[in-house]
Amino acid sequence: MPSENLRWETLEALKNSPKGQVTFDPYWSERGEHILAGCKETPSLSTHSAVILERIDSRSLNKSSFLDSSSIDFEEKPASVSSSESKADLNSKISSLSSTPSLKNQPKDVPESLPKLSMLPALNDETRGESPEEREDVSEVPAPPSPPAISLLSPRAMETAGHIIRFQKKQQEKAKVALQERQSLQEKLVESVASTELEHLKRFEELRELKQRQEFQSIRDMMDRETKELMGRQEKLKEEQRHRIKILNLRVRELEQQRHREAELEKQRQAEGRERLRSLNSIQEEILQLNQLLEPSAQTNAHLPAASLASHSLRGNQLCSQVSEVVRKTAEGEFPSVEDMAVAERALCEMRSVIRQMEEEAARVQEKKKKDQEQEEERRKQEVLQAQQEAQKKAEQAAKEKAQKKGLQNNAEESTMKWYKELQNSAAQCAQSFEQLNSPKDAQTKKLKLELQKAATIPVSQISTNSGSQLREIFDRIDKLLSGRAVVSGGKSVSASQHPQGLEFVGYKLAEKFVKQGEEEVASHHEAAFPIGVVASGIWELHPQVGDLILAHLHKKCPYSVPHYPPMKDGTPVDEYQKILGYRVDDCGVEGQDSFLKRMSGMIRLYAAVIQLRWPYGSKQGSVPHGLNHGWRWLAQMLNMEPLADITATLLFDFLEVCGNALMKQYQGQFWKLILLLKDEYFPRIEAVTSSGEMGSVIRLKQFLEMSLQSRQISPPKGQLSATFWRS
């Protein structure tokens, strides 16, 4: 159909119309305006209205009462009229109509809502069925001169206008409905978008909170790390500060010690100076006294020649003058120097030599007179000594015969004597090994020897019954010294490894000091046997060679600890034999029996303490190096030997009082059999060889045996170390 062919042209015409070019303003409702407020224009006819007029029936136009027949004459032409002619005429007519500003002659019955004729081209396109090329031709026709105004209110036009109005209303209704739907859709879309955006906002807020928490956590971690680093630096600074304070304290202590040393040195210098002054005064006094012996009035000089006496007196006066010159120097308030003392001592030595020469001369004069008397006296002494030796031999022979009859012996067993000799040989070899250190040739070696001897002997001298902590310190110092490590002695650091024979020398002197402590300290204070014994036992366990040296020194000073009764050999002097028996012999003679028994008692008590004690802080693995089995052997061998007066009873009592409780716990029934044997069979032998003036030790032993057998119990020794001692 022609109208279908003009559909797209109509849409194009509507698109090009003023309403088709209206722009949509989304804010019209906010301003309170109508949606088509921008489309209201002055009514005017389009230039293409001639196309519409061409399709209007000329008859209808003639019948219309609104048209003026005199104004325009429309000729009816057949359909075969050419388009060029009709287009030219219509264009001229439309031009005259379009030039009219308004429809002034419009009848009053025409509604005001009649649309503008400018909207009619779309309808013309539908009714004409023309192609776009034909419309272009129409538009190109020049407009004729404007004719007089006409009125286009024919019924067809009115109908068309009515259709247009209805169509506009429908379109407006449709537009309103579409607008409402779009508004509702828009509202829903806005609502969904708002909800989506709200969810997005929530997720964004959650993400932001997560990032904030992560940032806060990272900041807190960073702050924690910085805090830890700061604390570490602070601790490091504190440690450095403590280290500096410690160093400063050490320096202060060193300065204080140095000041004390300087003060001690000054005191020592003053003391040495005063001692030198006293020595100088004594030297002067002695020289003056010796000089008096050179006077002719002295009794010793009565038989000397006058010339010799005068020469000796002159030399003595010269020596007195030298000493007086040294004394005058000290009168000014100064102490005598070492050189002055050397001069005075040389003068004294020379004075003594002068006196000695004088005495020798006097002795030579009297030698011939006394020679016969001395020879006679020596002969008498030899006779007395021979008589004593013969009497002792007879007593030994009688004792041997008596022992053979009664089953007892005077000497130790062969295995015991072999062990005794091996220990003595080992000690002699040890002493020979450090002979170079024992007799130093240079001052440095001599000084080292003195320092090592002090480091070995002073700790042993400091052992007491005060507390166990002090014993641990003393033990550690001795252990370090024997291990070759450095120890502090007398404010100086010394080590046994500084000399090749240092360790042998230290071990030998240490063992000697332990035995000497038993000889002196334990002899005076019986309770001291236990702290000294426990330290000796601990050292013995860690350093067995020192233990062998302790036994060797103990056997040498107290042969009864073997037990061994050394026999007197032919040609041995009496004083030498008494040294072998353990007596002290000096220029004043042999020590008394009480002093001898006291020393022997101290050493046997120390030995009894050593065999039952063990160092509590040791490894405690393996057997004790010298335990109670040696005590049982010693007691059994003592009961197999013939008793000696006084010494046997004393040693048995001291040994059982210290070690009896430990032996009782160890051997139980066998121990009581041995004690019963001692009381019933061996004790009468002790009483038989003991004189009436030596019964003190015998009575003590008898009372001890009777109380022990009566109660079947031996009390722990007095002064035995307890757990409280080690915790103190």
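Just so we're clear, the structure is a prediction, and the values are computed from it rather than from any experiment. What's counted below: heavy atoms across the whole structure, side chains too, no hydrogens, waters or symmetry copies.
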[X] side, atom [atom1]; [Y] side, atom [atom2] - distance, nearest 0.5 Å:
| X | Y | atom1 | atom2 | result |
| --- | --- | --- | --- | --- |
| Asn425 | Gln432 | CG | CD | 11.0 Å |
| Arg633 | Thr416 | CZ | OG1 | 5.0 Å |
| Gln545 | Leu503 | CD | CG | 8.5 Å |
| Cys558 | His564 | SG | NE2 | 12.0 Å |
| Lys421 | Lys418 | NZ | NZ | 11.0 Å |
| Leu606 | Glu521 | CG | CD | 11.0 Å |

Is there a side-chain contact between [X] and [Y], using heavy atoms and a 4.5 Å cut-off?
| X | Y | answer |
| --- | --- | --- |
| Ser697 | Leu597 | no |
| Leu651 | Tyr607 | no |
| Lys513 | Lys509 | no |
| Lys267 | Gln270 | no |
| Glu473 | Gln462 | no |
| Ile647 | Phe596 | yes |

Is the backbone N or O of [Y] less than 3.5 Å from a side-chain atom of [X], with the two atoms forming a donor-acceptor pair by type?
| X | Y | result |
| --- | --- | --- |
| Tyr577 | Pro566 | yes |
| Arg477 | Ser489 | no |
| Gln424 | Ala552 | yes |
| Tyr560 | Leu581 | yes |
| Ser524 | Glu520 | yes |
| Ser495 | Ser497 | yes |
| Ser426 | Glu422 | no |
| Gln578 | Tyr583 | no |
| Ser537 | Leu613 | yes |

We want to know whether Gln501 and His499 form a side-chain donor-acceptor pair, criterion being a heavy-atom distance below 3.5 angstrom.
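Their side chains do contain a donor-acceptor pair, which is all the 3.5 Å distance test asks for.
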Distance-only side-chain donor-acceptor flag, Gln258 / Glu254, under 3.5 Å:
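There is no such pair (donor and acceptor under 3.5 Å, judged by atom type) between the side chains of Gln258 and Glu254.
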Please find out if less than 6.0 Å separates the ring center of Trp419 from that of His555.
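Yes, the ring centres sit under 6.0 Å apart.
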Test side-chain contact (heavy atoms from CB on, under 4.5 Å) on Gln593 and Asp646; report intermediate values, then the result.
CA-CA 9 Å; Gln593 186 69 10; Asp646 211 7; 3.9 Å; yes
Electrostatic pair Arg259:Glu256 at N-O distance under 4.0 angstrom:
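Yes, Arg259 and Glu256 are salt-bridged.
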I'd like to know if Arg605 pairs up with Glu657 as an ion pair, taking the criterion as any Lys NZ or Arg NE/NH1/NH2 lying under 4.0 Å from an Asp or Glu carboxylate oxygen.
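Here Arg605 pairs with Glu657 in a salt bridge, since their nearest N and O are under 4.0 Å apart.
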In chain order, what residues pass the side chain to side chain donor-acceptor pair (under 3.5 Å) check against Glu512, with sequence neighbours excluded?
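If we apply the side chain to side chain donor-acceptor pair (under 3.5 Å) test to Glu512, skipping adjacent residues, there are no hits.
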Check side chain to side chain donor-acceptor pair (under 3.5 Å) between Thr690 and all other residues, then give those that pass, not counting sequence neighbours.
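Side chain to side chain donor-acceptor pair (under 3.5 Å) check on Thr690 returns nothing, list empty.
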Using the test ring-ring contact (aromatic ring centres under 6.0 Å, His included), find all partners of Phe514 that sit at least two apart in sequence or belong to another chain.
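So Phe514 forms no ring-ring contact (aromatic ring centres under 6.0 Å, His included) with any residue.
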With His260 via ring-ring contact (aromatic ring centres under 6.0 Å, His included) - residues at least two apart
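By the ring-ring contact (aromatic ring centres under 6.0 Å, His included) rule, His260 matches no residue at all.
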ring-ring contact (aromatic ring centres under 6.0 Å, His included): which pairs involve residues 469-494, sequence neighbours left out?
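Checked against ring-ring contact (aromatic ring centres under 6.0 Å, His included) - neighbours excluded - the pairs reaching residues 469-494 are Phe475-Trp615.
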Any pair with a residue in residues 343-373 that passes ring-ring contact (aromatic ring centres under 6.0 Å, His included), sequence neighbours left out, goes on the list, sorted by first then second residue, please.
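Of all non-adjacent pairs touching residues 343-373, none passes ring-ring contact (aromatic ring centres under 6.0 Å, His included).
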Going by the salt bridge (charged side-chain N to carboxylate O under 4.0 Å, His left out) test, name the single residue among Lys557, Lys556, Lys598 that passes it with Glu519.
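In the set Lys557, Lys556, Lys598, the residue that makes a salt bridge (charged side-chain N to carboxylate O under 4.0 Å, His left out) with Glu519 is Lys557.
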Is it true that, when you exclude Glu266 itself, more than 12 heavy atoms of the residues, nucleotides or ligands shown sit nearer than 6.0 Å to its CD?
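For Glu266, atom CD is crowded (more than 12 foreign heavy atoms under 6.0 Å).
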Would you name the heavy atoms of [X] and [Y] that are closest together and state the gap between them?
| X | Y | answer |
| --- | --- | --- |
| Ile539 | Asp479 | CD1-N, 4.3 Å |
| Pro563 | Trp634 | CD-CD1, 3.6 Å |
| Lys480 | Ala486 | CD-O, 4.5 Å |
| Thr648 | Leu644 | OG1-N, 2.7 Å |
| Phe655 | Ala608 | CD1-CB, 3.7 Å |
| Tyr508 | Ala427 | CE1-O, 3.6 Å |

Testing Val698, Leu701, Ile604 for side-chain contact (heavy atoms from CB on, under 4.5 Å) with Leu652, which one passes?
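Answer after filtering Val698, Leu701, Ile604: Leu701.
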